[in-house]
Undergrad: 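After the structure tokens below, expect a handful of questions from me.
Along the sequence shown, residues are numbered consecutively beginning with 1.
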Amino acid sequence: MNHIRAVAIVTFVLTCLASQVSAEPGDISGGERMYRACVACHSLEANRNMTGPSLAEVWNRKSGSLPSFPRYSPALKSAGIIWNDDTLDEWIKDPQHFIPENTMTFPGIRNAQQRMDLLAFLKDATQPGHAPKTAQGGNQMGGMMGMMGGGAAPNLKALDPEDRVQSINHCGDSYKVATADGKVHDFWERNLRFKTDISADGPQKGAPAIVSAGMMGDRADVIFSSPDEISALISHQC
């Protein structure tokens with residue numbers, strides 16, 4: 001009987017200790033460092049959507065419901081989950097397990113302390129006016145051809161000469177991209193991608209931007225203000 005009582009006491013103590021450990025608050029500064037894994041796809045600015053939706057005011061939002069984001073997977077839209085401390089923890093831990101068949105290409109964070117840190121940062125940073133400027137992204141200017149892949153999307157409204165495309169010529173399997181600084185950049189046709197950005201951060205009409213997209217400097221994106229500019233700018237001369 002005493003043995004059973006001792007086991008019960010030990011179990012109770014361990015349960016209390018586990019609860020105390022799980023209740024430890026996350027570290028906001030550590031969470032801001034963890035957020036670097038998210039910044040390439042998510043903004044903290046309201047309605048500034050990237051690959052994924054803006055995280056601004058995500059707490060208590062229903063999954064798949066941000067009106068300004070049109071690319072939710074059917075799985076996320078139909079999940080009916082309300083984002084809070086618990087659901088976001090499960091989502092960040094293993095997105096595919098929590099909501100199967102969603103399209104977020106993120107493997108998850110298995111480390112519980114790292115998730116707690118990230119959630120502590122996000123819970124504060126996603127409130128109106130609380131996003132740190134260093135974490136919002138989207139204001140990296142100057143020499144974008146020297147920027148390597150990853151990171152937040154740059155603002156393309158005011159371009160330096162080396163980032164502003166003046167002409168594109170296609171010949172054989174190659175593109176020659178002339179920029180406003182007088183230089184011509186050669187690309188294998190499979191290494192040059194054409195994109196559009198109609199957001200407030202997109203390029204001016206008639207002034208497409210070129211942005212490095214590869215670690216070796218052999219790939220790039222040319223970003224236009226609208227689709228109709230793409231074919232109009234490309235010539236075919238050999």
Side-chain angles (χ1 to χ4, degrees), residues 32 35-56 66 68-71 105 125 129-238:
E32 184 169 3
Y35 178 70
R36 294 171 187 168
C38 314
V39 73
C41 296
H42 294 281
S43 168
L44 297 174
E45 299 175 41
N47 294 314
R48 186 177 187 277
N49 302 309
M50 300 168 67
T51 302
S54 166
L55 299 181
L66 184 64
S68 64
F69 186 76
R71 298 184 294 280
T105 56
H130 282 217
K133 291 183 179 179
T134 55
Q136 291 186 50
N139 292 310
Q140 302 159 334
M141 292 304 301
M144 280 182 283
M145 274 297 289
M147 289 169 50
M148 295 305 167
N155 187 299
L156 306 175
K157 275 289 183 255
L159 298 170
D160 290 330
E162 65 263 32
D163 304 318
R164 189 168 68 253
V165 175
Q166 289 193 315
S167 67
I168 302 174
N169 184 63
H170 182 255
C171 178
D173 66 352
S174 302
Y175 283 103
K176 290 184 178 293
V177 180
T179 47
D181 61 350
K183 295 182 179 179
V184 176
H185 308 271
D186 293 300
F187 295 96
W188 179 39
E189 59 185 352
R190 290 198 180 191
N191 285 353
L192 187 68
R193 295 180 295 182
F194 302 120
K195 300 181 177 182
T196 57
D197 184 350
I198 64 170
S199 75
D201 290 333
Q204 300 282 358
K205 184 175 178 61
I210 186 166
V211 181
S212 178
M215 297 300 292
M216 303 302 293
D218 61 341
R219 301 166 190 265
D221 299 333
V222 177
I223 305 176
F224 299 81
S225 65
S226 64
D228 58 356
E229 287 191 335
I230 297 176
S231 59
L233 188 69
I234 301 172
S235 62
H236 302 272
Q237 296 179 354
C238 292

Undergrad: Please examine the side chains of I230 and T196, heavy atoms only from C-beta on, and report whether any two atoms are closer than 4.5 Å.
TA: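 The answer is yes, as the side chains (C-beta and beyond) meet within the 4.5 Å cut-off.
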Undergrad: Could you measure the distance from the CG atom of L156 to the CD1 atom of I223? Nearest 0.5 Å is fine.
TA: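 Going from the CG atom of L156 to the CD1 atom of I223 covers 5.0 Å.
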Undergrad: Rounded to the nearest 0.5 Å, how far does SG of C171 lie from NE2 of H236?
TA: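 These two atoms lie 11.0 Å from each other.
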Undergrad: Measure the shortest side-chain to side-chain distance between E162 and K183 over non-hydrogen atoms and say whether it is less than 4.5 angstrom.
TA: no
Undergrad: Between F194 and Y175, how do the two ring planes meet: parallel, tilted or perpendicular, split at 30° and 60°?
TA: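 Because their plane-to-plane angle is over 60°, the rings of F194 and Y175 count as perpendicular.
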Undergrad: State, to 0.1 Å, how close I198 and S225 come at their nearest heavy-atom pair, and which atoms those are.
TA: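 Between these two residues, the closest heavy atoms are CG2-O, 3.5 Å.
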Undergrad: Backbone N or O of D181 within a donor-acceptor pair of the R164 side chain at under 3.5 Å?
TA: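 Not a single qualifying donor-acceptor pair exists.
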Undergrad: Are the side chain of K157 and the backbone N or O of G202 linked by a donor-acceptor pair below 3.5 Å?
TA: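 A pair under 3.5 Å: yes.
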Undergrad: Output yes when a side-chain donor or acceptor of E229 lies under 3.5 Å from a complementary backbone atom of G206, and no otherwise.
TA: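 Yes; at least one donor-acceptor contact below 3.5 Å.
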Undergrad: Which one of V184, L233, L192, I234 satisfies the side-chain contact (heavy atoms from CB on, under 4.5 Å) criterion with V177?
TA: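 Testing V177 for a side-chain contact (heavy atoms from CB on, under 4.5 Å) against V184, L233, L192, I234 leaves exactly one candidate, L192.
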Undergrad: Under a 4.5 Å cut-off applied to non-hydrogen side-chain atoms, are P132 and L44 in contact?
TA: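 Of all side-chain heavy-atom pairs linking L44 with P132, at least one is under 4.5 Å.
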Undergrad: Within the 4.5 Å heavy-atom criterion, are N47 and L66 side-chain neighbours or not?
TA: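 Side-chain contact under 4.5 Å: yes.
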Undergrad: Looking at G172, is its backbone amide N or carbonyl O close enough to the side chain of H170 to form a donor-acceptor pair, meaning the two atoms are under 3.5 Å apart?
TA: yes
Undergrad: Report yes if the side chains of D201 and R48 come closer than 4.5 Å at any heavy-atom pair, otherwise no.
TA: yes
Undergrad: Has the side chain of N169 got a donor or acceptor atom that lies under 3.5 Å from a matching backbone atom of Q237?
TA: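 A pair under 3.5 Å: yes.
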Undergrad: Could you tell me whether R190 atom CZ has more than 12 heavy atoms of other residues or ligands within 6.0 Å of it?
TA: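 No, not enclosed.
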Undergrad: Minimum heavy-atom separation for F224 to P203, with atom names?
TA: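 Where F224 meets P203 most closely, the heavy atoms are C-CG, 3.6 Å.
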Undergrad: Would you check if Y35 and L55 make a side-chain contact, meaning some heavy-atom pair closer than 4.5 Å?
TA: yes
Undergrad: Among S199, S68, S54, which residue meets the side-chain hydrogen bond (donor to acceptor under 3.5 Å, both in side chains) test with N49?
TA: S68
Undergrad: Could you state the interatomic distance from CG (D197) to CE (M50), rounded to the nearest 0.5 Å?
TA: 10.0 Å
Undergrad: Could you check whether any side-chain N or O of H42 sits under 3.5 Å from a backbone N or O of P53, counting only pairs where one atom can act as donor and the other as acceptor?
TA: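 Yes; at least one donor-acceptor contact below 3.5 Å.
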Undergrad: Starting at CG of D186, measure out to CG of N191 and round the result to the nearest 0.5 Å.
TA: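 It is 12.0 Å, given to the nearest 0.5 Å.
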